[in-house]
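To find a chain, count down the sequence lines: A is the first, B the second, and so on, and within it residues start at 1.
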Amino acid sequence: MQERYDPAAIESAAQADWAAHRADVADENAAGEKFYCLSMFPYPSGRLHMGHVRNYTIGDVLSRFMRMQGRNVLQPMGWDAFGLPAENAAMANGVPPAKWTRDNIAYMKRQLKSLGLSIDWSREVATCDPDYYKWNQWLFLRMLEKGVAYKKTGVVNWDPIDQTVLANEQVIDGRGWRTGALVEKREIPMYYLRITGQADALRDALDGLEGWPERVRAMQANWIGRSHGVDVDFPYADDTTALLGNAGKLRVFTTRADTLMGATYVAVAAEHPVALAAAAGNAALAAFVEECRQGSTMEADLATQEKKGMPTGLHVLHPLSGERLPVFVANYVLMAYGEGAVMAVPAHDERDFEFAQKYGLPMRTVIASKTGAYSEVVAPWVDAYGEHGITVNSGAFDGLESSAAVDAIAAALAAKNLGQKRVQFRLRDWGISRQRYWGCPIPIIHCPSCGDVPVPDKDLPVRLPEDLLPDGSGNPLAKSAAFLHCKCPTCGGDARRETDTMDTFVDSSWYFIRYACRDNAEAMVDARVDYWLPVDHYIGGIEHAILHLLYARFWTRVMHDMGLVRVAEPFSNLLTQGMVLNHIFHRTPAAGRREYFNPADVDLAVDPATKQSRATLKSDGSEITYEGLGTMSKSRNNGVDPNSLTEKYGADTARLFMMFTAPPEQSLEWSDEGVLGANRFLRRVWKAVFDHVSGGSPVSLDAASLDAADKDLRRIAHQTLSKVKDDIGRRRIFNTAIAAVMELMNAIGRHAGEGPQARAVRQEALEIAVLCLSPIVPHITHALWQALGQAEPLYRVRWREADPSALTQDLVEVVVQVNGKLRGRISVSPDAANEVVEAAALADANVQRFLEGKPPRKVIVVRGKLVNIVA
RNA sequence: GCCGGUGUGGCGAAACUGGUAGACGCAGCAGACUCAAAAUCUGCCAUGGGCGACCAUGUGUCGGUUCGAGUCCGACCACCGGCACCA
């Protein structure tokens, strides 16, 4: 064994060893219960960033640990390879997106391999490969047949920078999720997937996803937005019937049917047909309707916008009382939600209240609080009473608790055929058409005589030409004659291909399914899928809490309903890893753009007097501004390149630092000193093994002939085994597991015995330390395991269970409290009777001092832990 | 406004089921080794008091339950994230 720890040599040797013995390949016929460990696959942007390193290290530690526990582990990797950056790079460099993407994949794959990840590369998937996206197209056609996919022309979110449509999920604060550009409204025909058809199932199943973080479940529930309510029809009054030419009804949706008897008017959205009809003969109203439609699309603005409205001059009839109620157009009613019309109950709804007060409309109290705190809305009006309570002023429905009133009123409406209970969702169908080149072609042919014709299965995949170069003006597919022109599969006449491609979130909605059967050229899935799914542990960033994780759940459900996969929910456990943060420094010159400095070039010190941080440039000592911590990003120049880290210290140091510095779900602050500390620990472990093996081969351990110091070390070693197993296996936290091994290493360092049994105990303790560290730092432990004289290579070694006899102690320390405060410590036999422990506690001098000679009122003994004496 | 999360030393954090608050590490200080520096090793390291054994205080704030509260309950404060004229 070499004295010096040389990570580069050790790591390449270990990686070569694993590759030669195919240690990472997953086999569905292998023994052991399966464990599918999945990390979110990367977009091949060019290079790995620290977020990737953290994500994949977590997955790898878990995979290696589970393999040691005897589980049959699958850890695959692939590439989310379609998307806009490739087109932008193509425009900048003149290289086709296909080549740019595949070059990036090759580079990043090398980077991943250098991290020592135990990935089964034989299952690698890139979504831009025709043998992958063929099945996007195939399933899309099945969805069309079942009505799960459909075409519709509607108002869509248009990103003017990326020149494409965005799904609702991809619009954040009125801006494109990628570009940050203000989203415009456009009317475009496109394909939708009926995710609303699964809304109930997706919402219900959330409650069963106990392995998911609460906040992700909450965010999805929020997004799906299920509300239980009642559709209420307000029959047209004579004036409305006259204008619209029929005796129809105005339908509204309400979650507060218990307040129906308090409705004093009805409000409709500006785009509502009744509003449009009324505006046709009313110039002032037409102007107002137009004003509403042109209003800001930014939702943040909408929330603070003043409530405005205008009477239509029309009326409807209250469905139960028959009262004539005016119909208003109001800017606070959204056409896109519910029926685009609401019944207004000013006494019990904040928005209606504000509107009614402004326009002098009547208010009628129909709910009183159960406690009597609120009984009636009276002048001067202050606020609406929006709580649930007991119905009043509601005729036959008086005296009911809100939920009972909803039931009674819904029943009364149903009897008159003027309403029924209904569930309303916030979730909208998923529009998947994108007017972009670098994506999966939608397999449709437009024929002048036959219309939209699906591409026959035998002609799949519709291949994306890989040699086109986007120029920034529209979709190059629409300008490629070879792609565009084709024959109609039905009539054989000249036809045109659909040039829209699929949203890239389609590609990532099922890649984890394809890993299980990626070499199957005949079918999308096979029996191996049912073996591996569901994913036992999924690891990725919180930023996908809604988008990707909701789409993947939907897609899996669709495949489940078609009988393609057995599971309905794809991910049993979800770990959302925290972000990697670093300091941000900048300087704003008098003229020109703000300049960001990489933390590696800056000295950061805290002034002890003022406690202010002071940042100076290493190059010239000039002072710059410290912004605090933020996510590593190119734009703020605070990234750390994983390559520089692995080249300087090795992959094991990088892995150890990431896993030790913070628990996986929390954000991780970058620290050069922390990296150094991780490296220092590995060097210490190396040296401890070197010093030990330099003393020659140990004798075999004889547990009966150990002295007290040997027993102590042996106990600590076996405690470490069970602690590390529990931390990684059950709690999924790695920092405390590493801390436990550090404690063991400290104990080994303190253990000074020179005899053969002392050496045997140290041998065992070092073996245990190496075993416990092996999932986290697989390379160095691979080498150390050999150095400790082990014939079986570490990647095949199973976990050791703690020896119960090693854990026993002759004496245990018990804490003595007086009135809950620590006053002393005693050593007693672990199976001493409570009376004996109590007597020893009372005999302690400091305890006696606090008792002041008085007899204790009560003594509580917690066996093996503490004694509390109540004075 | 609604939903979710987080508040612990100079810093990252630990304390899992109510039972020794601050494990482990970083930084710092002192010492050893060295011609010297780096590296390495040893010791100290919540705050205040005491030579010391120890004592008092201390987990965002206020109150409660308990023999005992960072942990449970109630009210609040701050920060982070998500959603939002959603009827």
task = Tell me the stems RNA chain B sits in, counting at least three consecutive Watson-Crick or G-U wobble pairs, each under 3.5 Å on both distances.
result = B:1-7 with B:77-83, B:10-12 with B:24-26, B:28-32 with B:40-44, B:46-49 with B:54-57, B:60-64 with B:72-76
message = Tell me the interatomic distance from W223(A), atom CH2, to G81(B), atom C1', rounded to whole angstroms.
response = 15 Å
key: Any R351(A) side-chain N or O less than 4.0 Å from OP1/OP2 of A84(B)   = no
message = Measuring only the C1' atom in each nucleotide, how far is G28(B) from U66(B)? A whole number of Å is fine.
response = 41 Å
ask   = Checking all strands, does G677(A) fall into the base, sugar-phosphate, or nothing category for heavy-atom contacts under 4.0 angstrom?
value = sugar-phosphate
inquiry  = Under 4.0 Å, counting only non-hydrogen atoms across every strand here, what does R226(A) touch: a base, just sugar-phosphate, or nothing?
reply    = nothing
query = How about Y5(A) and F690(A): are their ring centres within less than 6.0 Å of each other?
reply = no
key: Between C1' of A87(B) and OH of Y332(A), the distance in whole Å   = 9 Å
task = Starting at atom CZ of R857(A), determine the distance to atom P of U66(B), rounded to an integer number of angstrom.
result = 13 Å
Proximity of W670(A) and F657(A) rings by center, below 6.0 Å = yes
task = Using whole Å, report how far CG of N582(A) lies from P of G12(B).
result = 14 Å
ask   = What's the closest nucleotide to the R215(A) side chain, out of A87(B), G4(B), C85(B)?
value = G4(B)
ask   = According to a strict under-4.0 Å criterion, is R683(A) in side-chain N/O contact with OP1 or OP2 of A39(B)?
value = no
task = Examine distances only and state if a side-chain atom of S402(A) and a backbone atom of G389(A) form a donor-acceptor pair shorter than 3.5 Å.
result = yes
key: Separation of the C1' atoms in C62(B) and A69(B), to the nearest angstrom   = 15 Å
query = Under a 4.0 Å N-O cut-off, is there an ion pair linking R351(A) with E354(A)?
reply = no
inquiry  = What is the distance, to the nearest angstrom, from the CG atom on L668(A) to the C1' atom on C11(B)?
reply    = 13 Å
message = Side chains of R553(A) and L209(A), heavy atoms from C-beta outward: is any pair under 4.5 Å?
response = yes
Of S227(A) and G674(A), the one whose closest RNA chain B nucleotide lies more 5' = G674(A)
Euclidean distance, atom CZ of residue F681(A) to atom C1' of A39(B) [Å, nearest integer] = 18 Å
query = Do D652(A) side-chain atoms and I780(A) backbone N/O form a donor-acceptor pair below 3.5 Å?
reply = yes
message = Between A75(B) and U65(B), how many Å separate the two C1' atoms, rounded to a whole number?
response = 15 Å
remark   = Residue set satisfying salt bridge (Lys or Arg N to Asp or Glu O under 4.0 Å) with R823(A), at least two apart, ordered chain then number -> none
request  = With the side chain of M742(A) defined as its heavy atoms from C-beta on, choose the nearest nucleotide among G82(B), C24(B), A87(B).
outcome  = C24(B)
key: OP1 or OP2 of A84(B) under 4.0 Å from side-chain N/O of R426(A)   = yes
query = Would you say R857(A)'s side chain and A871(A)'s backbone share a donor-acceptor pair under 3.5 angstrom?
reply = yes
request  = State which of C54(B), C41(B), G82(B) makes the closest approach to the side chain of R684(A).
outcome  = C41(B)
query = Considering only G4(B), C86(B), C26(B), which nucleotide approaches the side chain of A218(A) most closely?
reply = G4(B)
request  = For K821(A), report the nucleic acid contact type (base, sugar-phosphate, nothing); a contact means any heavy atom under 4.0 Å.
outcome  = sugar-phosphate
inquiry  = Expressed as a whole number of angstroms, how long is the span from K358(A):NZ to C85(B):P?
reply    = 18 Å
task = Could you check whether V870(A) gets within reach of a base, just the sugar-phosphate, or nothing at all, counting any heavy atom under 4.0 Å?
result = sugar-phosphate
request  = Taking atom C1' in both C85(B) and C2(B), compute the distance separating them and give it to the nearest angstrom.
outcome  = 13 Å
inquiry  = Quick one, R226(A) and D200(A) - any side-chain contact, counting heavy atoms below 4.5 Å?
reply    = yes
ask   = With a non-hydrogen cut-off below 4.0 angstrom, is D352(A) in contact with a base, only sugar-phosphate, or nothing?
value = nothing
query = Looking only at atom C1', what distance separates G4(B) and U17(B), rounded to whole Å?
reply = 25 Å
inquiry  = Just so I know, are the side chains of D231(A) and T254(A) near enough to count as touching, which here means a heavy-atom distance under 4.5 Å?
reply    = no
query = Counting only side-chain N and O atoms of R217(A), is one of them less than 4.0 Å from OP1 or OP2 of C3(B)?
reply = no
request  = Using the C1' atoms only, state how far G10(B) lies from C44(B), rounded to an integer number of Å.
outcome  = 16 Å
inquiry  = Can you measure L629(A) atom CG to C80(B) atom C1' for me and round it to whole angstrom units?
reply    = 13 Å
Protein-nucleotides 13-23 of chain B N/O pairs under 3.5 Å:
residue, atom, partner, partner atom, Å
A13(B), OP1, Q666(A), OE1, 2.9
A13(B), O3', N735(A), ND2, 3.4
A14(B), OP1, N735(A), ND2, 3.2
A15(B), OP1, R731(A), NH1, 3.3
A15(B), OP1, R731(A), NH2, 2.5
C16(B), O2, R730(A), NH2, 2.4
C16(B), N3, R731(A), NH1, 3.2
C16(B), N4, K723(A), NZ, 2.9
G19(B), N2, N868(A), ND2, 3.4
U20(B), O2, R825(A), NH1, 2.6
U20(B), O2, R825(A), NH2, 3.3
A23(B), O2', E743(A), OE1, 3.2
A23(B), O2', E743(A), OE2, 3.2

message = What I want to check is whether the side chains of D352(A) and Y332(A) have a donor and an acceptor closer together than 3.5 Å.
response = yes
ask   = For atom P, what is the distance between A53(B) and G63(B), given to the nearest Å?
value = 33 Å
Close side-chain approach of V724(A) and V741(A), heavy atoms under 4.5 Å = yes
inquiry  = Apply the syn/anti split at 90° from 0 to G81(B) and say which one it is.
reply    = anti
inquiry  = If I pick the P atom on C83(B) and the same atom on A13(B), what distance separates them, to the nearest angstrom?
reply    = 25 Å
task = Would you indicate what V252(A) reaches in the nucleic acid, counting non-hydrogen atoms under 4.0 angstrom: base, sugar-phosphate, or nothing?
result = nothing
message = Is there, by distance only and without an angle test, a donor paired with an acceptor across the side chain of K858(A) and the base of C67(B) below 3.5 Å?
response = no
request  = Tell me what F850(A) touches on the nucleic acid: a base, only sugar-phosphate, or nothing, going by heavy atoms under 4.0 Å.
outcome  = sugar-phosphate
request  = Would you tell me if any nitrogen or oxygen in the side chain of N846(A) comes within less than 4.0 Å of OP1 or OP2 on C55(B)?
outcome  = yes
ask   = So, the side chain of E339(A) versus the backbone of A341(A): is there a donor-acceptor pair under 3.5 Å, distance only?
value = no
query = Base, sugar-phosphate, or nothing: which does R849(A) touch, judged by heavy atoms less than 4.0 Å apart?
reply = sugar-phosphate
